[in-house]
There are 2 protein chains.
Amino acid sequence: MKEATLRDVADLAGVSPRTVSNVVNGYAKVTDVTRHKVEAAIAQLGYRPNVLARHLATGRSGQIVVVVPYLDTPYFSELLQAIIPVARRVGYNVLIDQSDGDREHEGQLIGQASHRSLFDGIIYSPLGLSQDDLSRRDPALPMVVIGERTSTANFDHVGIDDVAASTEAVNHLIGLGRRRIAAIGDQPYPTGEAAQRRTKGFRAAHAAAGLPLDESLIIGTPRFNRLDGATAMESLLRLDNPPDAVFCYSDLVASGAIHTLLHNGLRVPEDVAVIGYDDIEDGRYSRPTISTISPDKAEIARMAVERLVMRIKSREPVPGVDLRAGHRLVARQSTVGDAAG
Amino acid sequence: MKEATLRDVADLAGVSPRTVSNVVNGYAKVTDVTRHKVEAAIAQLGYRPNVLARHLATGRSGQIVVVVPYLDTPYFSELLQAIIPVARRVGYNVLIDQSDGDREHEGQLIGQASHRSLFDGIIYSPLGLSQDDLSRRDPALPMVVIGERTSTANFDHVGIDDVAASTEAVNHLIGLGRRRIAAIGDQPYPTGEAAQRRTKGFRAAHAAAGLPLDESLIIGTPRFNRLDGATAMESLLRLDNPPDAVFCYSDLVASGAIHTLLHNGLRVPEDVAVIGYDDIEDGRYSRPTISTISPDKAEIARMAVERLVMRIKSREPVPGVDLRAGHRLVARQSTVGDAAG
DNA sequence: GTGAAAGCGCTAACAC
DNA sequence: GTGTTAGCGCTTTCAC
């Protein structure tokens, strides 16, 4: 049996397609009595609008693309999982794209023309994409960037206050009486803005506490993986005067660092306290559980989607804004021990 | 400047839209001279077909859904990464859905009606979905199942020969002189078919080698995660007579098991050899690198997509078939030590 | 507030 | 082999 069309509904309700469309989309004002008639007809026929036809008529595809560097990095997959339902709720499908940190790919996707009728907008969580790359994109393509860098006239940015969050993380360690605090994850080059903001917070906390800062305790890593954390921790342990606490720029890094610590017979947090960043699910179940900065992923997702949809629907150019989502520090075993429960 | 339409091309080439459509889609035969004219016009106008319009006209959406239990499980994300480009190449977008092992969700998605014009077919990598659930689905929705269970009249199945692969894995361990071999990951309940096939191979290898099998060395786990592996390994180490090798039903499990072994001062592979399953990227970079059964993910992806597209395009009902992708054993450090390089 | 009708850009009978 | 033409189901000016 064929699906009912808008015209069927119109016929049954004794109104024109125009009216049905109005009711369905809540556009123009419709008399209550007409609305009821239409709604009854819709119910009776089990009518559901044909998305495809709507897209053709409106010239929009109803698809948005979310680009993440790595699909299997927990932080990104969790972010994705937050974004998908939000987008679906406002009528958009989510296409997922992995950039692989591959500049080529990233550039191509947002380049001119390639997106014609394929998607209406893009949510971008870049890694290793320079300001330059971003501005070279098709400015007509609505875009929201998550995470790094700040907005321009062209696009919006959604993220948490990394500097403040990092400061809190380090303050937490200081508050626990730690005095030699290391940082793992710095990336002192153009595409490492996110990392640099964390380093900034790291410094700020030291300054505020009047705590001297040993530059040799800031370890750079190419990425934010477990292996990076493990390797960095090893080099820290080789120091004459190893740290008594570590601020890791991701939970994965923290996990790697903890691995190395335990492997070397050190206790976490008794000998070395470790705090991470991202609040990935793994950290809640690992042993010890990992203290972390927890970005409000749901809020990030909501902000990003809302803002993107707004851009898509807007006829005029929209000025770029910086949206700040919430975050909180979650103290778990890796800093406070079994007090964390 | 507006995009060129098929009609523009037709006008410029001096032919009818029908002909242009034929050329674009390679449908009917077209004279070489006509084809060249059309192609020239296409090039000149920079014409690209409007996907949306095509979908409306054909009644298909050009979307397929891939459902995986967990987005952030490396095996699934790698599979996804293999599927996406293949699907794109044959003109399909991939919508990703995470079922969370949530029966509710899985059932709903493949139920009646919910997919109208949203997607043309579904590639399903189920976990915890019973045969019953599967057959309750809308039979009109083209479906290919990856991994577990075998096909029915309704859908196809793509997978590797788990029993053979598992047998090879265990043979590998036996060939290295191991005699007390454990298995981690059995799931002796209806939805654990994949696990059970591995156990079957485990038994087969023992039987073939005339090696007695200690049932207490077969450890069940709720999932295939790191933590499952670590926990299971701990219980194995508490045995009076611990194993000298372990066959893990996933690389994640192997990773967890290795973690526990190293943590307990045992050497891998000298004291205990470990082999995993899935060949996830992590296993190639961890220390030690993890020996594994490597399913040909590219082939799985190709088979699944090809078969699904075939189903989508076919007018008549298609009988379900079982497609078998290749696999190979990859010996790395966790079984052969530094001989693996 | 609602109706009539013209597309959105493509595909696919149906003819020639 | 190629042209004609009628939709696919919806949105949306334009009138009333």
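Lettering follows sequence order; numbering is per chain, from 1. All values derive from a computational prediction rather than experimental measurement.
The distance from atom CZ of B:R54 to atom C1' of C:dC8 is 15 Å, rounded to the nearest whole Å. Put simply, OH on B:Y47 is 7 Å from C1' on C:dG9, counting in whole angstrom units. Rounded to an integer number of Å, the gap from CG of B:L52 to P of D:dT11 is 13 Å. Counting to the nearest Å, the P atom of D:dC8 and the CG atom of A:D8 are 10 Å from each other. Atom-to-atom, CG of B:L56 to P of D:dC10 comes out at 9 Å; the value is rounded to the nearest Å. If you take CG of A:L6 and C1' of D:dT11, they are 9 Å apart, rounded to a whole angstrom. In this structure, A:D11 atom CG and D:dG9 atom P are separated by 14 Å, rounded to whole Å. In this structure, CG of A:N22 is placed 10 Å from C1' of D:dT12, rounded to the nearest angstrom.
Considering CD1 of B:I280 and OG1 of B:T73, their distance stands at 9.0 Å, rounded to 0.5 Å. Distance CG/A:D72 to OG/B:S77: 4.0 Å, rounded to 0.5 Å. To the nearest 0.5 Å, atom CD1 of residue A:I42 and atom CG of residue A:D8 are 11.5 Å apart.
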Do any N or O atoms of the protein come closer than 3.5 Å to N or O atoms of nucleotides 13-15 of chain C, and which pairs are they?
| from | atom 1 | to | atom 2 | distance (Å) |
| --- | --- | --- | --- | --- |
| C:dA13 | N6 | B:R18 | NE | 2.8 |

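For B:E281, there are no salt bridge (charged side-chain N to carboxylate O under 4.0 Å, His left out) partners two or more places apart in sequence or in a different chain. B:K37 is linked by a salt bridge (charged side-chain N to carboxylate O under 4.0 Å, His left out) to nothing, counting only residues two or more places apart in sequence or in another chain. Here A:R324 pairs with A:D161 under the side chain to side chain contact (heavy atoms under 4.5 Å, CB included) rule; sequence neighbours left out. Applying the salt bridge (charged side-chain N to carboxylate O under 4.0 Å, His left out) criterion to A:D278, with sequence neighbours excluded, gives no partner residue.
Of the residues near DNA chain C, A:R7 and A:V33, the one whose nearest nucleotide (by heavy atom distance) lies more toward the 5' end is A:V33. Mapped onto DNA chain D by nearest heavy atom, B:A53 and B:V20 fall at different nucleotides, with B:V20 at the one closer to the 5' end.
Phosphate contact (OP1/OP2 of D:dG9, side-chain N/O of A:T5, threshold under 4.0 Å): absent. Within the structure, a side-chain polar atom (N or O) of B:N25 is placed less than 4.0 Å from OP1 or OP2 of C:dT11. Between A:T58 and D:dC10 there is no side-chain N or O to OP1 or OP2 distance below 4.0 Å.
The side chain of B:V15 sits closest to D:dG3 out of D:dG3, D:dC8, C:dT2. Checked against D:dC10, D:dT2, C:dG1, the side chain of A:T34 finds its nearest nucleotide in C:dG1. The side chain of A:S21 sits closest to D:dT11 out of D:dC8, D:dT11, C:dT2. Checked against C:dT2, C:dC10, D:dG3, the side chain of B:T19 finds its nearest nucleotide in D:dG3. Of the candidate nucleotides D:dT4, C:dG3, D:dG1, C:dG3 has the atom nearest to the side chain of A:S16.
Relative to the axis of its first five pairs, the axis of the last five pairs of the helix from C:dG1-D:dC16 to C:dC16-D:dG1 sits at 30°, rounded to 10 degrees.
One N or O on the side chain of A:H55 and one on the backbone of A:S61 form a donor-acceptor pair closer than 3.5 Å.
Using a 4.0 Å cut-off between a side-chain N of Lys or Arg and a carboxylate O of Asp or Glu, A:R60 and A:D120 do not qualify as a salt bridge.
Using modelled atom types, one finds no donor on one side chain facing an acceptor on the other under 3.5 Å when comparing A:N50 with A:R54.
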